[in-house]
Amino acid sequence: MKRIICKNYDEVSLLGTDILAKQIKQNPKIKMVLATGSTPVGMYKKLVEMHKKNGLNFSGVRTFNLDEYYPIKKSNDQSYDFFMRDNLFSHINIKPENIHLPNGESADPEKECADYEKMLAQAGGVDIQVLGIGVNGHIGFNEPENELKLATHLTNLTKNTIEVNSRFFKNIKDVPTKALTMGMGTIMKAKSILLLISGENKAPVVKKLFSGVVTTDVPASFLNFHNDVTVILDERAASLL
Ligand code: F6R
């Protein structure tokens with residue numbers, strides 16, 4: 001895994017933006033997988049700026065999101081559907097038909113996951129996958145467990161993830177306990193992976209990521225098997241390396 005250590009969060013966001021913008025210019029029909037959470041917010045903000053000021057063109061770009069809470073209404077301001085519209089999609093010229101997220105409103109989550117996986121396969125594979133990492137080592141919502149799933153699936157969120165994500169909700173009881181997530185196999189199929197990490201609370205998991213050990217206790221450690229991963233992290237996240 002290629003590792004780039006930046007001074008701070010702003011530099012992580014800037015570098016992530018540069019990498020994505022360059023790839024969009026080189027391949028205007030690029031297929032990207034996008035993540036939510038706090039980490040990519042700065043990068044999405046800068047991509048919006050590049051669209052507005054420099055005309056970065058998203059008209060041919062296709063996006064697929066990693067995950068979504070389940071069940072959740074798209075209108076709920078904590079849904080990832082809402083997050084993506086709010087932070088990126090409403091501010092750029094992406095075509096609505098080119099935006100894909102797992103549907104947290106689906107009455108049949110198993111079918112939704114199977115359909116999502118099929119749709120990704122039909123799209124012919126993704127070019128670049130943006131990821132964040134949980135303090136517990138999760139990627140997407142592939143939580144530390146004895147076994148990891150390959151394909152898109154419905155999963156239970158761990159107590160730790162519910163607690164960590166409760167910062168976005170009024171009450172911890174409002175945090176959904178399940179999610180639809182791409183599986184480890186789905187993630188590993190991307191041609192290239194861009195993992196953004198910021199903050200000292202991530203330093204212990206970053207140490208595990210680069211420890212030379214692969215374990216289902218740290219799902220992100222499987223990224224060590226992928227041959228095109230760039231990890232962009234700030235000095236705080238890298239402080240235990
Ligand atoms: C979000 C996602 C999660 C986050 C992770 C880190 O779509 O898949 O794995 O990337 O929980 O979240 P933040 O960036 O809020 O620390």
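Computed from a predicted structure; not experimentally measured. Just so you know, ligand 1 is whichever comes first in the structure, and atom 1 is the first atom listed for that ligand.
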J.: Identify the closest protein heavy atom to atom 11 (O) of ligand 1: which residue and atom is it, and at what distance?
T.: His138 NE2, 2.7 Å
J.: Under 4.0 Å from any heavy atom of Gly132, which atoms of ligand 1 are there?
T.: 10 (O)
J.: If the threshold is 4.0 Å, N to carboxylate O, is there a salt bridge linking Glu117 and Lys189?
T.: yes
J.: Return the minimal non-hydrogen interatomic distance between Val33 and Asn65, and the atom names on each side.
T.: CG1-C, 4.4 Å
J.: Do Lys202 side-chain atoms and Ile133 backbone N/O form a donor-acceptor pair below 3.5 Å?
T.: yes
J.: In terms of relative ring orientation, are His100 and Phe64 parallel, tilted or perpendicular, with 30° and 60° separating the classes?
T.: parallel
J.: N/O of Ile139 under 3.5 Å from N/O of ligand 1, yes or no?
T.: no
J.: Taking ring pair (Phe, Tyr, Trp, His ring centres under 6.0 Å) as the test, write out the residues that go with Tyr70, two or more places apart.
T.: none
J.: Of the backbone atoms (N, CA, C, O) and the side-chain heavy atoms from C-beta on, which set of Thr39 has a member under 4.0 Å from an atom of ligand 1: side chain, backbone, both, or neither?
T.: both
J.: With nothing but distance in play, are any N or O atoms of Asn165 less than 3.5 Å from an N or O of ligand 1?
T.: no
J.: So which protein heavy atom does atom 16 (O) of ligand 1 come closest to, and at what separation?
T.: Lys202 NZ, 2.7 Å
J.: Begin with the C-alpha distance, continue with both residues' side-chain angles, and end with the deciding distance and a verdict on side chain to side chain donor-acceptor pair (under 3.5 Å) for Glu143 and Thr161.
T.: CA-CA 9 Å; Glu143 301 277 40; Thr161 297; 2.6 Å; yes
J.: For atom 8 (O) of ligand 1, grab the closest protein heavy atom and report residue, atom and distance to one decimal in Å.
T.: Asp67 OD2, 2.5 Å
J.: Show me which atoms of ligand 1 lie under 4.0 Å from any heavy atom of Gly140.
T.: 3 (C), 8 (O), 9 (O)
J.: Is it true that Asn76 and Tyr69 share a donor-acceptor pair across their side chains at a distance under 3.5 Å?
T.: no
J.: Is it the side chain, the backbone, both or neither of Leu66 that has a heavy atom closer than 4.0 Å to ligand 1?
T.: side chain
J.: Is Leu131 touching ligand 1 with its side chain, its backbone, both, or neither, if touching means heavy atoms under 4.0 Å apart?
T.: neither
J.: Could you check whether Asp127 pairs with Lys191 (Lys NZ or Arg NE/NH1/NH2 to Asp/Glu carboxylate O, under 4.0 Å)?
T.: yes
J.: Measure the distances from the heavy atoms of Met84 to every atom of ligand 1 and state whether one is below 4.0 angstrom.
T.: no
J.: Please state which protein non-hydrogen atom is closest to atom 6 (C) of ligand 1 and give its distance, to 0.1 Å?
T.: Ile133 O, 3.3 Å
J.: Return the residue, atom name and 0.1 Å-rounded distance of the protein heavy atom closest to atom 1 (C) of ligand 1.
T.: Thr36 OG1, 3.2 Å
J.: Do Asn160 and Thr158 meet the criterion of a side-chain donor-acceptor pair at a distance under 3.5 Å?
T.: no
J.: State whether the shortest distance between N or O atoms of Tyr80 and N or O atoms of ligand 1 falls below 3.5 angstrom.
T.: no
